[in-house]
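See structure below.
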Amino acid sequence: MKILSSLFSPAGKNARLSIVIYHRVLPNPDPLVGGGDVNSFEKQLGYLTRNFNVLPLYEGIRQLRQGTLPSRAVSITFDDGYADNAEIALPILQKYNVSATFFIASGFLDGGRMWNDTVIESVRQAQGEELDLDEINLGTHAIASLEQRREALFKLIDILKYLPHEIRQLQVEEIRTRIAANLPDDLMMTSDQVRQLHNAGMEIGGHTVTHPILSKVNNTIALTEIANGKETLEGIIGAPVRLFAYPNGKPGKDYCADHVEMVKQIGFEAAVSTAWGAAKGYDDVFQLPRFTPWDKSEFFYVLRMAQNTLNRIEVV
């Protein structure tokens, strides 16, 4: 399989850098939302270390620019700043002797919670067979079965995601209040856990303060979010924060050219999106693509990684 992946990702000037993206690593699979658990994460890390050359992202970008990247180059990233990244993912990364970059939304550290997690945990706790949110213009949803509850959850997140920031926050709070959910305050990292990752040799990257979709806020707010997130994280780790991840990350939809210029102006050295593809030496280092295969078998996982190197990269 190394031969296969080398054909699609050779070394040197024609090399490609694949960047995989994770969010959470749970102790057990979540029946409501799915997502990665510790067993699947460790299995995928095994696939990566056996078939690819895993590099720290900053080093991978440096070599990509210089034309010295090895074949089958890949870097690992995590978004948002969940506590399980430090508690569960870090020991596994250390076991396999690889580094990752953690893009952290600084405003949720030390007891905060992202809006989507408020919705997830509220819907998880909702009682009865129906969730009536008609009074707040979010409809009525059947939740009698797990499948219905999951469908209701994803519908609500899809509706809420692209609402203006202030309206979304009000709606999310209304959902929480109506369900009277008892919500966790330990989903996100503490400042000490950020320092733990940094001291373990992991890269800490910026991801704004409160994770707004940048295209949905004005430029003053966007600039403040990007800059203040960087400043806060640098204060925590006592070192430069050099890399940035656009929240949600779809080029032209979640961020635009103005935001790319802001990231450069504030002093980041590179940035990543969530567009699929693998980066080439001539690509914009402020819009690097990311992708994670979902295949359970090693052969198909590696094959999908190889195929992804052929995807055309989206930029703004």
Side-chain angles (χ1 to χ4, degrees), residues 17-25 54-65 73-86 89-90 93 98-110 112 114 188-214 222-251 254-255 259-275 279 283-292:
L17 176 63
S18 296
I19 306 170
V20 295
I21 175 174
Y22 292 97
H23 290 84
R24 302 201 64 181
V25 180
V54 182
L55 301 173
L57 180 57
Y58 189 84
E59 178 63 19
I61 295 169
R62 185 187 69 80
Q63 292 192 32
L64 182 69
R65 282 171 147 172
V74 65
S75 296
I76 300 168
T77 66
F78 287 81
D79 279 10
D80 300 335
Y82 286 99
D84 53 57
N85 293 181
L90 176 60
L93 291 165
V98 294
S99 179
T101 298
F102 295 82
F103 294 106
I104 295 169
S106 63
F108 303 117
L109 296 173
D110 302 309
M114 298 183 71
M188 311 310 288
M189 288 187 209
T190 65
S191 296
D192 283 342
Q193 286 175 320
V194 177
R195 279 188 285 269
Q196 178 190 5
L197 290 172
H198 172 71
N199 292 337
M202 305 293 148
E203 179 98 18
I204 302 300
H207 201 37
T208 72
V209 178
T210 64
H211 201 275
I213 293 178
L214 295 172
L223 186 66
T224 300
E225 282 273 347
I226 298 167
N228 287 1
K230 184 178 194 293
E231 181 180 1
T232 297
L233 293 172
E234 288 177 339
I236 291 171
I237 65 174
V241 170
R242 305 176 291 187
L243 306 175
F244 180 76
Y246 300 99
N248 226 52
K250 295 182 178 64
D254 301 324
Y255 73 93
H259 305 117
V260 177
E261 290 305 312
M262 290 177 197
V263 171
K264 295 177 184 178
Q265 172 189 333
I266 288 165
F268 288 100
E269 297 181 38
V272 294
S273 72
T274 57
D283 288 327
D284 182 0
V285 296
F286 286 92
Q287 298 188 74
L288 297 171
R290 293 188 291 173
F291 172 80
T292 301

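These numbers come from the heavy atoms of this one structure, side chains and all, not from hydrogens, waters or symmetry mates.
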Please round to the nearest 0.5 Å and tell me the distance separating atom CG of D79 and atom NE2 of H211.
-> 6.5 Å
So do the side chains of T232 and V209 get within less than 4.5 Å of each other, counting heavy atoms only?
-> no
Residue set satisfying side chain to side chain donor-acceptor pair (under 3.5 Å) with E234, at least two apart, ordered chain then number -> K230
For D284, the salt bridge (charged side-chain N to carboxylate O under 4.0 Å, His left out) test, sequence neighbours excluded, returns none
Residues two or more places apart in sequence or in another chain: which of them pass side-chain contact (heavy atoms from CB on, under 4.5 Å) with T292?
-> V20, I21, Y22, Q44
Please work out whether the ring planes of F78 and F102 are parallel, tilted or perpendicular, with thresholds of 30° and 60°.
-> parallel
Residues in side chain to side chain donor-acceptor pair (under 3.5 Å) with T210, at least two apart?
-> E225
Just how far is it from atom CZ of F291 to atom OG1 of T274, taken to the nearest 0.5 Å?
-> 12.5 Å
Please report the shortest heavy-atom distance between S75 and L55, naming the atom on each side.
-> OG-O, 2.9 Å
Sequence neighbours excluded, the answer for side-chain contact (heavy atoms from CB on, under 4.5 Å) partners of V285 is I61, R65, A270
Approximate separation, where rounding is to 0.5 Å, of I236 CD1 and S191 OG = 3.5 Å
Residues in side chain to side chain donor-acceptor pair (under 3.5 Å) with E269, at least two apart?
-> Y58
Where do V25 and A89 come nearest, in terms of heavy atoms and distance?
-> CG2-CB, 4.0 Å
Write down the atom of D254, the atom of P247, and the distance for their closest heavy-atom approach.
-> CB-O, 3.8 Å
Which heavy atom in T101 sits nearest to a heavy atom in G205, and how many Å separate them?
-> CG2-N, 4.4 Å
Show me, pair by pair, the donor-acceptor contacts under 3.5 angstrom made by side chains of residues 237-246, not counting sequence neighbours?
| unit_1 | atom_1 | unit_2 | atom_2 | d |
| --- | --- | --- | --- | --- |
| R242 | NE | E203 | OE2 | 3.2 |
| R242 | NH2 | E203 | OE1 | 2.8 |
| R242 | NH2 | E203 | OE2 | 3.4 |
| Y246 | OH | F286 | O | 2.9 |

Please list, chain by chain and in numerical order, all residues satisfying side-chain contact (heavy atoms from CB on, under 4.5 Å) with Q196, sequence neighbours excluded.
-> A86, L90, Q193
Output the distance between atom OG1 (T77) and atom CZ (R290), rounded to the nearest 0.5 Å.
-> 4.0 Å
For the student: nearest non-hydrogen atoms of L109 and I104, plus distance = CD2-CG2, 3.8 Å
Mind checking what makes side-chain contact (heavy atoms from CB on, under 4.5 Å) contact with S273, not counting sequence neighbours?
-> P251, Y255, A275
With sequence neighbours excluded, tell me which residues meet salt bridge (charged side-chain N to carboxylate O under 4.0 Å, His left out) with D80.
-> none
One should read off an interatomic distance between I213 CD1 and N248 CG, to the nearest 0.5 angstrom, of 4.5 Å
I226 and L214: side chain to side chain contact (heavy atoms under 4.5 Å, CB included), yes or no, with the steps?
-> CA-CA 9 Å; I226 298 167; L214 295 172; 4.1 Å; yes
Residues passing the salt bridge (charged side-chain N to carboxylate O under 4.0 Å, His left out) test with K264, sequence neighbours excluded, are E261
Which residues share a side chain to side chain donor-acceptor pair (under 3.5 Å) with H259, sequence neighbours left out | none
Measuring from S18:OG to I76:CD1, what's the distance to the nearest 0.5 Å?
-> 11.5 Å
